[in-house]
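Here's the structure we're looking at; comments come further down.
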Number of protein chains: 2
Amino acid sequence: MGKAGLAVSPLAPARFPDLPVIDGVDFASGAAGIKYQGRTDVTLIRVAPGATLAGAFTRSTTRAACVLDNQAKLAAGGDAPDGAAIIVNSGNANAFTGARGQASVDAVTGAVAAALGMPAGQVFSSSTGVIGEPLPHDRIVAIIDDLARGLDGGGIADAARAIMTTDTFPKGASAVVEGEGGQIRIAGIAKGSGMIAPDMATMLVYLFTDATIAAPLLQQALSSGLDATFNAITVDSDTSTSDALILAATGRSPAAPITALDGGVGAGFVAALHGVMRDLAQLVVRDGEGATKFVEVAVTGAASQGDAHKVAMAIANSPLVKTAIAGEDANWGRIVAAVGKSGAEADRDRLTIRFGDMVLAENGWRAPDYDEVAASAYMKNRDLRIAVDLGLGQGARTVWTCDLTHGYIDINADYRS
Amino acid sequence: MGKAGLAVSPLAPARFPDLPVIDGVDFASGAAGIKYQGRTDVTLIRVAPGATLAGAFTRSTTRAACVLDNQAKLAAGGDAPDGAAIIVNSGNANAFTGARGQASVDAVTGAVAAALGMPAGQVFSSSTGVIGEPLPHDRIVAIIDDLARGLDGGGIADAARAIMTTDTFPKGASAVVEGEGGQIRIAGIAKGSGMIAPDMATMLVYLFTDATIAAPLLQQALSSGLDATFNAITVDSDTSTSDALILAATGRSPAAPITALDGGVGAGFVAALHGVMRDLAQLVVRDGEGATKFVEVAVTGAASQGDAHKVAMAIANSPLVKTAIAGEDANWGRIVAAVGKSGAEADRDRLTIRFGDMVLAENGWRAPDYDEVAASAYMKNRDLRIAVDLGLGQGARTVWTCDLTHGYIDINADYRS
């Protein structure tokens, strides 16, 4: 699956997880031949009547037609008394496609609405792939009836595969929360590998739960988790035109409705939801284009939260830091340079830099017991942790990224061909 | 010269230019064995008594000891009644070296002051290379007397070589201005190849002129040119800890003193100086680590100057744009994505994208006469021009960058080793 010829990321999990079935959500995937041959490239998801919906989308000023359409539809409120549907294609982003882009969205969502007997205003869509080429929406429309007939509660793993582009493995995560009177299940899938710097939104992510929860509360549970999950990852600093996350709650769990988030089951639900979001975000980084290392960058002691974010992202996006990691070189001087360019308040003499548990630099200088051999040995690990304490205040931020390798160049020097 | 094993950039000029001798400036280069073997790595520059000086430096919050020292010395005013000197080493940046960093600066500049018989307050220094390792300043001090004996007005080309790190060719540029009563000469050298995103400053650049001009006016002539030259280039978005530019005017030209910059010879001098600065800045990009393409990114029609800068730099720093250029792929959709993520005001339907003279996209859509074959053929050129008009206002900005290739990864995955 994924782009022909791409080896599976060395950071991939051993296998796709067993995701719980979410009562009230069905999936069907098929091959429309939009760009890829010999694989599925369209997924249809049906959510049962009575569900509530929430979403988050890229703030790119050149965002795709489907993103604009989803935002308009969700703005009407997240209630789906007649059910809802999501149709996703890979191979073409339908972005920067002018008025024709919206026409393609209308054609596809209209066909889904007709096939499933629901208003088009409840049919959401996503497209991912090349930017600026007309979406051959007729090919999608042509298989919608087949997809509608094949809808099945067990199809989520196939859906995770159909939405892949340069991804080398499908991504899924789940959680179970003990509610009052029964369990609440959460399951989600994501795609993403390159053009990953979601700041303020996400990539393509679909989350499902059988919780009973009103739409505004569902949106609040989702939004409060974005900064620490999807907005805390970067592969290449390039923000997509197409990032979209949709969360649907079917209300089919026997558990009592969630009516507040600040304690009890509500707080547990939020924690579990954010855990699933963090798992999926980290899986996107583990499938970062060309990645061979997974890197946690933890910044503490910043003068403000904003400064902590600036420093963490300056390090995580620095080509020089990322190539040093690829070369397993403990070149902490490049961390110093990244802090210096970040625009955040910093004081050389209060800066502390750690790789794993080792202190490499402190008090404006290489640590007295700095051990180059031990530092180099640490860099051989597949999962790395870089911690920077600025020694100025309480601002803290943790983000995740990957290294920058020849694989990234290979994949992106000819993505369209 | 440069890093062992690095081929000369395909974007390098055919040869180092013939630079005019600047009366009152002498150069000597030597090998101190700081890091590199079998090549020169220290340059001493002496400027005759009566010169005026100006400078510009990185605003990194983790800037090197020598940068802080230069800034303190220049803050006392740019007059050098007893002459001035500049001592530069490659192979070690003396950055993030704590209090020992300043001690190394004092040792080196003190030795130069003693050898040349001038106050240490007029001896400037630069160090470029690895960050965070102690500078073996004794090795520099040991050759200063030899350097002082070898000072020569014709040594500028050797100086351009001695200051190289990952540079693959030495960089020089010059201009001659017709003054009142004689010619005014300008000559400069620069080093820089990676960690290039000078925003607000420069890399290592030394400019010399025989003009007679007061220090405040000289600083004004320099500062007014920074935004359109050194602040308009980026190789990898990583700002250095060590960027420094020093401009010395010896007053040895027979031409009348320059007493104003807003007309006549003064305006001509400013234009010529900025031309030399632009030439050197572009040469740094042409020696960008791993570069195979030189790319001009010209943004017009932005709502403000700040927006134009954001869009130009978002395009010039986008790994996806730069890898597409490396692959000679006319993937203009990635330009759209870079505009979208830039943070600048943008309207999809007013955006126009040109490669060379070809319009690829306009009115929110691929151009009606878009020709993929012609666009692909254009990408084969070594020098490329990407023009983006936002259609919103008068903000304009032109910047220069290079592509992102396997060579960049090769160079930076093991720079320290």
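For clarity, every value in this text was computed on a predicted model and none was experimentally measured. So you know, we letter chains A, B, ... as the sequences are listed, proteins then strands, and number each from 1.
The shortest non-hydrogen separation linking A:Phe96 to B:Ala361 is CE2-CB, 3.5 Å. The two atoms that bring A:Trp365 and B:Gly132 nearest to each other are CZ3-O, 4.5 Å, heavy atoms only.
Contact annotation for A:Thr405: only backbone heavy atoms (N, CA, C, O) come within less than 4.5 Å of a heavy atom of chain B. Contact of A:Ala95 with chain B is not made at all, since no heavy-atom distance falls under 4.5 Å. A:Ala338 does not touch chain B: none of its heavy atoms, backbone or side chain, sits under 4.5 Å away. Neither the backbone nor the side chain of B:Ala93 comes within contact range of chain A; no heavy atom of the residue lies under 4.5 Å from a heavy atom of that chain.
Between B:Ile131 atom CD1 and A:Arg366 atom CZ the span is 13.5 Å, to the nearest 0.5 Å. To the nearest 0.5 angstrom, A:Thr62 atom OG1 is 8.0 Å from B:Leu351 atom CG. To the nearest 0.5 Å, atom CG of residue B:Asn331 and atom CG of residue A:Asn412 are 9.0 Å apart.
Heavy-atom pairs under 4.5 Å with chain A peak, among B:Gly333, B:Gly98, B:Ser60, B:Ala346, at B:Gly98. Heavy-atom pairs under 4.5 Å with chain A peak, among B:Arg100, B:Arg63, B:Arg348, at B:Arg348. Most heavy-atom pairs under 4.5 Å with chain B: of the set A:Leu404, A:Val339, A:Thr241, A:Leu320, this distinction falls to A:Leu320. Most heavy-atom pairs under 4.5 Å with chain B: of the set A:Asp236, A:Asp403, A:Leu360, this distinction falls to A:Asp236.
In this view, B:Asp347 and B:Arg350 satisfy the salt bridge (charged side-chain N to carboxylate O under 4.0 Å, His left out) rule, not counting sequence neighbours. Scored by the side-chain contact (heavy atoms from CB on, under 4.5 Å) test, B:Glu362 finds B:Thr352, B:Val359, B:Ala367, B:Pro368 as partners (sequence neighbours excluded).
With contacts defined as side-chain heavy-atom distances shorter than 4.5 Å, the pair B:Lys341/A:Asp238 qualifies. By the 4.5 Å heavy-atom criterion applied to side chains, A:His406 and B:Asp410 are counted as neighbours.
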